[in-house]
Amino acid sequence: MLEPVEYHFMQQLDTFLQHFEQSIQEDKFVRLTLSKKRTQDSTLKKVITKLVLIKKELHLSFIYRHRTKDITKNLLVDQALLEISSLIESSFSIANLFTSEADYSLEFISQQKSKLKKNKATFTSVPDRSHDKTKKRLINGNSYLSELGVLHQNGNIKKDKGDKFKQINKFIEIIDGLLRQHPTITDSTNLQVVDMGAGKGYLTFALYDYLTNTKKLPAQVKGVEVRQDLIDLCNTIAKKVNFNQLSFELGYISDYELGEVDMLIALHACDTATDDAIYKGIKANAQLIICAPCCHKQIRKQMTSSTTLQSVIDHGILKERQAEIVTDSIRASLLEAHGYKTKVFEFISSEHTGKNVMIVGQKHQARFDRQFHLDRIQQLKTEFGIEYHYLERKLGHG
Ligand SMILES: C[S@@+](CC[C@H](N)C(=O)[O-])C[C@H]1O[C@@H](n2cnc3c(N)ncnc32)[C@H](O)[C@@H]1O
């Protein structure tokens, strides 16, 4: 490692940029980051750049990390050099260049004083430049999507099905991410998946297609639905498109005899049907429980408050939203209380659907404090004068 030297900033910036250019010419560039903003003129916090091939030309992809969002911009290498130079000159105190040969860091102290350091390479190989360019398609089959009326026969999306298509893709992207975080699930020699309240089966078909055709996993997927017409339609399409291990069964979620299950899904199942599904999943020890709740009526009727919180439920729409938040918080806490690491996030932007919150529970083996979560639920219930939550009671608490 070279000793840091104090030197004139602009000269050191020049040397730093030469290393950057050279690393690109010699295909040794890994990444460049800019941090420690020295001006407070915007919400920009950090800049991360990587090299990507776009239409066979090398570009630097810039991620401008703001306080609440990321903005991405791709620039040709010459333009990127000017952009980096200007950002370091005007805004950032620290620039880090990672190459497969060495790491370089430039620290701005003042125009007369800066530090340029060379360190051992953190990364010894360069990333695949083409990797980020093409987004891998996670759903393959067009035929089931045209049978379900999402696509035309030629593969184009039907005019009124854009949102549905986006939702299907987003759902599969989420599943893809979850399976990466939970790889033991994919070790199963016969992955068992049940989709409770499958409806017309858009997401059930897409999930089957993703598991068996994209991931090449031996999977059996079942949809449970209370409407006979939908069961008949989905079974007919499954047969037609040769999805041999996909089937749909008539029944209520609460009555369904759930055998072994690895992944339990319940998307937009009405009101407490979501709770019935979570309950079944917990009892069957499902590794993954994924639900996107629909309406939240059960506790809304009970909600009242003797504290300042009354003002947040005074108005109908606010009460409705508060009921959603409280219901889903209780669901998440109950999953935690039963050994599930739980995440709650936006499934798809609210401009596409109002029903856009997803709760994911991933079974874990770590120790957990059930009472802690049950106490939290009790506090929340007390706060809002709630006598009981449906799922809580089903699970034998409260
Ligand atoms: C809003 S749709 C959602 C369909 C699908 N999961 C989706 O997200 O695209 C809800 C479906 O759940 C079914 N459903 C509601 N309550 C149910 C219950 N208790 N048991 C079985 N199916 C139910 C309804 O018939 C309807 O088809």
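Remember, it's 1-based here, ligands and their atoms both numbered in the order they're listed.
Under the 4.0 angstrom criterion for non-hydrogen atoms, Lys164 is in contact with ligand 1. Heavy-atom distances between Gly251 and ligand 1 reach below 4.0 Å in at least one pair. Look at Cys294 and you'll find every heavy atom at least 4.0 Å from all atoms of ligand 1.
Cation-pi contact between Arg38 and Phe92: absent, since separation from the ring centre below 6.0 Å together with deviation from the ring axis within 45° is not met. Both the sub-6.0 Å distance and the 45° axial angle are satisfied by Lys394 relative to the ring of Tyr279.
For the side-chain hydrogen bond (donor to acceptor under 3.5 Å, both in side chains) test with Thr43, the passing option among His66, Arg65, Lys37 is His66; the others fail.
Of the heavy atoms in Ala198, only backbone atoms (N, CA, C, O) come closer than 4.0 Å to ligand 1.
Near Gly199, meaning under 4.0 Å from one of its heavy atoms, ligand 1 places the atoms 4 (C), 27 (O). Near Cys270, with a cut-off below 4.0 Å to any heavy atom, the atoms of ligand 1 are 15 (C). Close approach to Leu203 involves these atoms of ligand 1, each under 4.0 Å from a residue heavy atom: 7 (C), 8 (O), 9 (O).
The N/O atoms of Glu225, backbone and side chain alike, include one that comes under 3.5 Å of an N/O atom in ligand 1. Looking at Leu267 next to ligand 1, an N or O pair under 3.5 Å apart turns up. On a distance-only criterion, His268 and ligand 1 share at least one N/O pair closer than 3.5 Å. Inclusion of Gly197 in the set of residues having an N or O under 3.5 Å from an N or O of ligand 1 is warranted. The shortest N/O to N/O separation between Ile253 and ligand 1 falls below 3.5 Å.
The side-chain contact (heavy atoms from CB on, under 4.5 Å) test applied to Arg370 returns Ala337, His338, Phe368, Leu374, His397, not counting sequence neighbours.
With salt bridges taken as basic N to acidic carboxylate O contacts below 4.0 Å, one links Lys381 and Glu392.
A donor and an acceptor atom, one from each side chain of Asp262 and Gln287, are nowhere located under 3.5 Å apart.
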Ignoring hydrogens and angles, write down the donor-acceptor pairs under 3.5 Å from the side chains of residues 252-259, residues two or more places apart or on other chains.
none

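The aromatic ring centres of Phe98 and Phe20 sit 6.0 Å or more apart.
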